Q: 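What follows is a single structure, and I will ask about it in a moment.
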There are 2 protein chains.
Amino acid sequence: MPFRNSFFKSAFSVDNVIFGLENSTLKVLLIKRSEVPFINEWALPGDLVRVDEDLRDAPKRILKELTGLQDVYLDQVHTFGKVDRHPLGRVITVGYYSLVNMDNLKPRAASIASKVKWFDVFELESLPFDHFEILQKCIRRLQNSVREMPIGFELLPERFTLSDVQDLYEAVLNKNLDKRNFRKKFLSMGLLIDVKKYQTGVAHRPAKLYKFETSKYEEFKAKGFNFEI
Amino acid sequence: MPFRNSFFKSAFSVDNVIFGLENSTLKVLLIKRSEVPFINEWALPGDLVRVDEDLRDAPKRILKELTGLQDVYLDQVHTFGKVDRHPLGRVITVGYYSLVNMDNLKPRAASIASKVKWFDVFELESLPFDHFEILQKCIRRLQNSVREMPIGFELLPERFTLSDVQDLYEAVLNKNLDKRNFRKKFLSMGLLIDVKKYQTGVAHRPAKLYKFETSKYEEFKAKGFNFEI
DNA sequence: ACAATTAGTGTATACTGTACATTAAGTAAA
DNA sequence: TTTACTTAATGTACAGTATACACTAATTGT
C-alpha cells in the first residue's frame, strides 16, 4: 500500500501499545514499518482511523490483524497532536494500550508491517515519531491501573498460582514485592478461587492453582479496588 | 461564521469543560450555540483544531476567548470518536477540563457563542452531541485528581481559610467531609503556610488565613500525593 | 539420601483512617 | 451590655491496614 501523501491535510490515527508477559518480563509488540516515513524501523503498530469506523474500533482492528485476538481489554490513554509530530502531514493520534497473553500467540505481520517482534518494555530507549512518549504514558497508565483494578490478568493462563500473579505485578511495576504481604492482601480481596489442584512436573514444592471468581472480577472492574502495594 | 459542511469529511475538535466554584457549588461554563447543529442550545464550548495549531493549544485558545484567562491548568481527559457523534459529518473531539476562579471573572460571548452562562454541574441532565458524556468523564477525572494532586486550588483566592479548602473539596466530591479529620490530614501535608492574619468582617469567629507553599505545591504537582478522604 | 528450588505461613509494630463534642471568637440584635 | 448566633478550632480512642521479617514444606534431579 503506497503512502498517500494527499490524504495528509488532516487525519487521525491510533497507535497500539500491546503489552505481553514472558519470563516475568513485561514486553511490548513492535512492528517493522513497511511504509515511509521511518520505513524499516521498529515502531508501535497503528493505522489511520477509517471514515466509517468508530474510533474505539480502530485499535481493535489493529490488534486483531496482528494477533488474531478479539475481546481484549483496551484502554484509551492519551491523544497526541503536535503539529509536526508526523513528518508528512497533520496527523493526530490516539494512544491505546492492551494486554495479551503471549502463550500460544503467534503475532503475524500484517499489511502495516513487514515483521513483528516483542521487545522488553524497560529496555527501549527511543522510537520513531512520538512513539516513545506514547509508550511511556501507556506504561504509567498500566502501572496505575493495576493498583486500582483487576487488570493485567489477561496475561495469566486460565489456572495460575499466586506466584504467577505476583510475577505479573512485579513485571508491571518493575520492582520486587514482599511475598507474604502480597499474598495476604491479594487473597483478602476474595477475587481468587482455590481450584484444589496443584502444579505438576515442577522441581520444587508444587503450588496451589487458582482461578478468578468471575462475579467479583467484573464487580471490581466496574467499581475498582485499592491495591496499593 | 457559516458552517462549512464541506470541511466535514474528517475533522477534529476540542471541547472544554470549564469548572468554577460559586457558593460552595461546582459550576460549569456553557455557551449558547450560535451555529447549527443544535443552534441556540446550551453546550460545551469547543472548536475545530486548526491545521497549524498544536492540539493542546486549541483548548487554551477557547478558554482565553471565553474568559480571557491564560496559564490555567488544563487536563486532557478523553477522545470521543463515534462515527455519528456529530450529525453533520465525521468529527473526533478531544475533551479537556480546566478550573478557573469565578471571582472577578466576566465570561464573554465569543465567535462560537451568542451567550455564556454558569450551570450547576450536578443538576445538568443532558447536553447536545455527546457533551453530557464528556462532562461526566471530566467530573470523574476531576474527582480523582483532587485526591492525588494539588488541583482545584485555582478556584481559591490568594489568601484563604482551611474551611475554604474544605468547601472546595466538598463541592468537587459532592459530599460532606469530617472537619477535624480534613484539617488534620490537609495540614499534615505541609502544603499550607499560616500567614498570621485573620478574616475580618465576618459575623463569627474569624478564621486563620493561609497561602500555598509554592515549592511544595510544585513538588506535589509533579509527584502527586495521596489524599484519600 | 541429599541438594536444589520454589511454596507457603504468622506476628509484632507503626501508622493511618475514622468517629465524635466542646470551647473560642467574633458580629448582630435586643 | 448582654444575649443569641455563627463559624473556627481542637484531641482522643479504636479499628484497620501497611510493613518488616525467617523458617518449614513439598517436590524433582542427581
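What you see is a predicted model; the values in this text were computed from it and never measured. Throughout, protein chains are lettered first and strands after them, A, B, ... in sequence-line order, and every chain is numbered starting at 1.
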Q: What is the separation between atom CZ on B/Arg205 and atom P on C/dA28, rounded to the nearest whole Å?
A: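 In whole Å, C/dA28 P and B/Arg205 CZ are 18 Å from each other.
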
Q: Atom CD of A/Gln166 and atom P of C/dA7: how far apart are they, to the nearest Å?
A: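 It works out to 9 Å between those atoms.
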
Q: Do A/Lys179 side-chain and C/dA7 base share a donor-acceptor contact under 3.5 Å?
A: yes

Q: Separation of B/Lys208 atom NZ from C/dA25 atom C1', in whole Å?
A: 14 Å

Q: What is the distance from CZ of B/Phe182 to P of D/dG11, rounded to the nearest Å?
A: 18 Å

Q: Side-chain donor-acceptor pair under 3.5 Å between B/Asp120 and B/Thr25, yes or no?
A: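 Side chains of B/Asp120 and B/Thr25: no pair found under 3.5 Å.
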
Q: Map A/Gln199 and B/Gly201 onto DNA chain C by nearest heavy atom, then report which one ends up closer to the 5' terminus.
A: A/Gln199

Q: Considering the options B/Lys60, B/Arg33, B/Arg61, which one meets the salt bridge (Lys or Arg N to Asp or Glu O under 4.0 Å) requirement together with B/Asp47?
A: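 Testing B/Asp47 for a salt bridge (Lys or Arg N to Asp or Glu O under 4.0 Å) against B/Lys60, B/Arg33, B/Arg61 leaves exactly one candidate, B/Arg61.
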
Q: Output the single nucleotide from D/dT19, C/dT18, D/dT6 whose closest atom is nearest the side chain of B/Asn181.
A: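 Out of D/dT19, C/dT18, D/dT6, the nucleotide with an atom closest to B/Asn181's side chain is C/dT18.
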
Q: By nearest nucleotide on DNA chain D, pick out whichever of B/Thr161 and A/Ala203 is the more 5' one.
A: B/Thr161

Q: Parallel, tilted or perpendicular, judged at 30° and 60°: which one describes the rings of B/Phe225 and B/Phe220?
A: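 Judged by the thresholds at 30° and 60°, the geometry between B/Phe225 and B/Phe220 is perpendicular.
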
Q: Centres of the A/Tyr169 and A/Phe227 rings: under 6.0 Å?
A: yes

Q: Of all the nucleotides listed (C/dC20, C/dA19, D/dT27), which has the minimum atom distance to the side chain of B/Arg180?
A: C/dC20

Q: Can you tell me the distance, in whole Å, between the CG atom of B/Asp178 and the P atom of C/dG17?
A: 13 Å

Q: Measure from CG on A/Leu209 to P on D/dT27 and round the result to the nearest Å.
A: 13 Å

Q: Can you find a side chain N or O atom of A/Arg183 that sits less than 4.0 Å from OP1 or OP2 on C/dG8?
A: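 Looking at the OP1 and OP2 atoms of C/dG8, one of them is under 4.0 Å from a side-chain N or O of A/Arg183.
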
Q: Mark yes or no: A/Lys221 above the aromatic ring of A/Tyr217, with NZ or CZ under 6.0 Å from the six-membered ring centre and no more than 45 degrees from the axis.
A: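 So A/Lys221 doesn't make the cation-pi contact.
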
Q: For B/Lys184, which contact category applies under a 4.0 Å heavy-atom criterion: base, sugar-phosphate, or nothing?
A: base

Q: Taking only side-chain N and O atoms of A/Ser163, does any of them lie within less than 4.0 angstrom of OP1 or OP2 on C/dA7?
A: yes

Q: Within this structure, what is the CZ-to-P distance between B/Phe227 and C/dT16, rounded to whole angstrom?
A: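 Taking atom P of C/dT16 as the reference, CZ of B/Phe227 is at 14 Å.
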
Q: Just how far, in rounded Å, is P of C/dA19 from CG of B/Asn176?
A: 13 Å

Q: If you compare every side-chain N and O of A/Lys185 against the phosphate oxygens of D/dA18 (OP1, OP2), does one of them come in below 4.0 Å?
A: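 Yes.
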
Q: Choose from C/dG17, C/dA19, D/dA26 the nucleotide whose nearest atom is closest to any side-chain atom of A/Pro206.
A: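 From the listed options, D/dA26 comes nearest.
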
